[in-house]
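Report on one structure; see the data block that follows.
Worth knowing before you read on, the calculation uses all heavy atoms, side chains too, and leaves out hydrogens, waters and symmetry mates. To find a chain, count down the sequence lines: A is the first, B the second, and so on, and within it residues start at 1. This one's a predicted model, so the numbers in the text were calculated from it and none came from an experiment.
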2 protein chains.
Amino acid sequence: MTRPATIVDVARVAGVSRQTVTRAMHDMAGISPATRDRVLAAARELNYHPSRFGRGLVKPAARTLGLLVGDLTNPYYAELASTVLRLAGERGWNVVMAEPGSVADLTGGADAVIGFTGLALDPPATGAPNLPVVEIDPPRVQPGHGRVEFERATATRDAVRHLLSRGVRRPVVLDRAGTSARGRAFAEAFRAEGVEPVPADRELGWPDLAGAAPDALVAFNDLDGFRLLRDLASAGVAVPGEVKVVGVDGLAVGEFVTPRLSTLAIDLTEVAGAALDLVVELSQGRSEAAVRVVAHRFVARDST
Amino acid sequence: MTRPATIVDVARVAGVSRQTVTRAMHDMAGISPATRDRVLAAARELNYHPSRFGRGLVKPAARTLGLLVGDLTNPYYAELASTVLRLAGERGWNVVMAEPGSVADLTGGADAVIGFTGLALDPPATGAPNLPVVEIDPPRVQPGHGRVEFERATATRDAVRHLLSRGVRRPVVLDRAGTSARGRAFAEAFRAEGVEPVPADRELGWPDLAGAAPDALVAFNDLDGFRLLRDLASAGVAVPGEVKVVGVDGLAVGEFVTPRLSTLAIDLTEVAGAALDLVVELSQGRSEAAVRVVAHRFVARDST
DNA sequence: CTGAAAGCGCTTACAG
DNA sequence: CTGAAAGCGCTTACAG
C-alpha cells in the first residue's frame with residue numbers, strides 16, 4: 001500500500017491546479033463540465049479521498065464528542081448511547097464511540113469525552129492532553145473532570161420499604177463482593193429498616209441461591225434480573241409469590257419479561273443531557289469542577 | 001465566545017516557542033520542569049486544547065469509520081454496533097456513529113461509511129465526495145457502493161414448513177404494506193407451500209388482529225414479536241397453543257421472554273466482519289462492486 | 001473559467 | 001534545554 005493520493009496528485013494527473021480539484025470535488029460553480037469530468041476521473045483513478053484533516057484545518061468542522069460506554073449489548077448502555085447520539089446531533093456534534101474493550105484512540109479523535117470512565121481505568125483512555133472529560137456515575141472523584149452523579153439512596157429506601165411491606169424478611173443482595181455503590185446502598189437501606197441482608201456473588205443463579213432460602217433477590221442489574229426470573233421459572237419457583245425479584249437500571253424491555261420486573265430506574269435522557277451540558281461548559285472553560293446529580297426512582301411492577 | 005486558543009497563543013503567554021509547547025503538552029523529553037509547568041499553566045489559563053486537525057495532518061492518525069444504524073434502542077442495531085465497535089477497534093479504526101435522525105455530519109468526520117443506508121435516503125448522508133460506502137441489507141443497488149446482502153429465502157422456507165407442520169393454516173404476515181424484503185419472502189414461501197397468508201399492517205396489535213382468526217403471526221421483527229406476545233398473554237390467548245408467533249432478527253433477549261420467541265436469526269458478527277472487510281477493500285480501491293451474502297437461519301424456540 | 005499565493009494548527013527534523 | 005524553518009493537505013480570497 002502506497003501513500004494515499006492527495007489533492008496535488010489529482011491536480012497533476014488531471015493537468016489542473018489544486019483549487020480546480022477542490023471545485024470539482026465539491027461541485028462548486030466556476031468550472032467547465034469538461035474540466036470537472038476530467039478531474040473526477042483522475043480522482044477515481046487515483047482513489048482519492050480528501051483528507052479530513054486538511055479540510056478541518058481550514059473549514060469550521062463539527063466538534064466531536066467521544067462516548068465511552070459499556071457493552072452496547074446491555075440495553076442500558078444502548079439506550080444512553082442512543083440518547084447521547086440524538087442530543088449531540090441536535091447540537092451539531094459528531095460522536096465517536098468506544099467500548100472499554102476496543103482500543104480506539106478516543107483521545108486523538110475527540111474534542112471532549114463523556115462516559116462511564118470507571119469502566120476503563122487501566123489504560124486511561126481519557127488522559128488526553130487537557131481534554132474536557134465528564135464522568136457518569138464515577139467510582140471516585142477525578143480532579144478537573146465533570147461528574148454526573150447518581151442519587152440512589154431515596155429510591156433504594158423506597159424499594160426496600162416496598163419489599164418489607166410485602167413480607168420480605170430474608171433478602172439476598174447480589175453484588176461483586178459489596179464493591180458497587182448500588183450494592184452498598186441496598187445493604188444500608190435494609191439495615192436502616194432493621195433487616196440484615198444476605199450478601200451473595202453477582203454471578204450466582206437460582207439453584208445456587210436456593211440454599212440461602214431467600215424471599216427476595218436484589219439483582220445487580222436488570223439483565224441479571226431477567227436471568228434470575230428465567231431460572232426461577234425453570235425451577236418452578238413462584239415470583240413474586242415465593243421469591244420477589246428487583247433489578248436496577250429501569251430497562252424498557254423489563255416490561256416484556258414475565259413477570260414484569262420491578263426495578264430502580266433512572267432517566268437516561270436526563271443523564272445524557274446533564275453530561276452534554278457539562279462537557280460544553282468544560283470545553284468553554286466555564287466551569288472548574290462541574291457536578292450534576294440525577295436521581296433513581298423505584299418502579300414497582302409485577303415481580304415484587 | 002472568542003476564537004479557541006491555538007498553540008501560538010500558549011507559546012506567547014508562556015514566553016516560549018511553539019515546539020516547546022508541544023513538548024510540554026505531550027510530556028516529551030528535552031524540556032526543563034520549570035518551563036513545562038509554565039507552559040501547562042498557560043495552556044490551562046487559555047483553556048487550550050490541541051486541534052485534532054493540525055495534529056492529524058502531520059501525525060498518522062487512526063482512520064475513522066462512520067457507522068449508520070437505526071435506533072440503538074432496538075437490540076438488533078445495538079448488537080451490530082457493538083460488534084462493529086469491537087472489530088473496528090481491533091483494526092485500529094475509530095468509529096463515529098449516527099442514527100438516521102441525528103444530523104451528525106458523517107461525511108466530514110469519517111473516512112468511510114457502513115450501515116443501513118436504506119434508513120436515511122432522504123438526506124444522502126453518505127453522498128460524500130467519493131467516500132467508500134458499504135450498505136447493509138440495502139433496498140436497492142447503488143453503483144459504486146459495497147453491499148452486504150441478506151439471504152432469507154432458505155430460513156424463511158424452513159420457518160414456514162415448521163409452522164405448517166404444526167398445523168398452521170391461517171398465518172398473518174405483518175408488514176408495511178408488503179414493502180419489506182422479509183414480508184415478501186414470507187408471503188412467497190407460504191404460497192410456495194400452497195397457503196395464502198393474510199397480510200396485515202405492522203403496527204397492529206392483538207385485539208386488532210383477532211378478527212382475522214389467525215393461528216400464526218409473523219411479526220415484522222423480534223421487538224414487535226415481544227409486544228404481540230405480551231398482548232396475547234393479556235388477552236388470555238395461549239401461545240403456541242392457539243396462536244404461534246415468530247419474529248425476525250434473532251435477538252438474544254428473545255430467550256428471556258415468555259414463551260421464548262422463535263425467530264429468523266442472522267449472525268451479526270458475520271455481518272459486521274463482512275462489512276468491515278468490504279470497506280477496507282473499497283478504501284484501498286481494490287474492489288469495484290463488492291458484495292457479500294450472509295444467510296439467516298430459523299431458530300425454533302417455544303413460541304411456535 | 002482557471003491558477004498563484006497565503007494560511008489554517010500542528011509536529012518533525014535540524015541547529016544551536 | 002530551546003527555537004527557526006519546513007511541511008502536512010486542504011480552502012479561501014484574490015487576480016487574471
Pairing string, 5' to 3', for DNA chain D - Watson-Crick or wobble contacts under 3.5 Å, brackets [ ] where pairs cross, | to another strand = |||.||||||||.|||
message = A cation-pi test, strictly: NZ or CZ of B:Arg55 under 6.0 Å from the centre of the six-membered ring of A:Phe53 and no more than 45 degrees from its axis. Yes or no?
response = no
message = Enumerate the salt bridge (charged side-chain N to carboxylate O under 4.0 Å, His left out) contacts for residues 7-20 of chain B, please, sequence neighbours excluded, ordered by first and then second residue.
response = B:Arg3-B:Asp9, B:Asp9-B:Arg12
message = Across nucleotides 6-16 of chain D, 5' to 3', mark each nucleotide with B, S or - according to how protein heavy atoms within less than 4.0 Å reach it.
response = BBBBBBB----
request  = Could you list the residues that satisfy salt bridge (Lys or Arg N to Asp or Glu O under 4.0 Å) with B:Arg91, not counting sequence neighbours?
outcome  = B:Asp277
task = If a pair satisfies salt bridge (charged side-chain N to carboxylate O under 4.0 Å, His left out) and one of its residues is in residues 266-275 of chain A, list it, with sequence neighbours excluded.
result = none
inquiry  = Which residues pass the salt bridge (Lys or Arg N to Asp or Glu O under 4.0 Å) test with B:Arg38, not counting sequence neighbours?
reply    = none
task = Output yes when at least one side-chain N/O atom of A:Thr20 is less than 4.0 Å from OP1 or OP2 of C:dG3, else no.
result = yes
remark   = The ring pair (Phe, Tyr, Trp, His ring centres under 6.0 Å) partners of B:Phe150 (sequence neighbours excluded) come to B:His296
query = Which residues pass the side-chain contact (heavy atoms from CB on, under 4.5 Å) test with A:Thr73, sequence neighbours left out?
reply = A:Asp71, B:Glu79, B:Ser82
Residues forming a side-chain contact (heavy atoms from CB on, under 4.5 Å) with B:Arg23, sequence neighbours excluded = B:Gln19, B:Thr20, B:Met28, B:Ile31
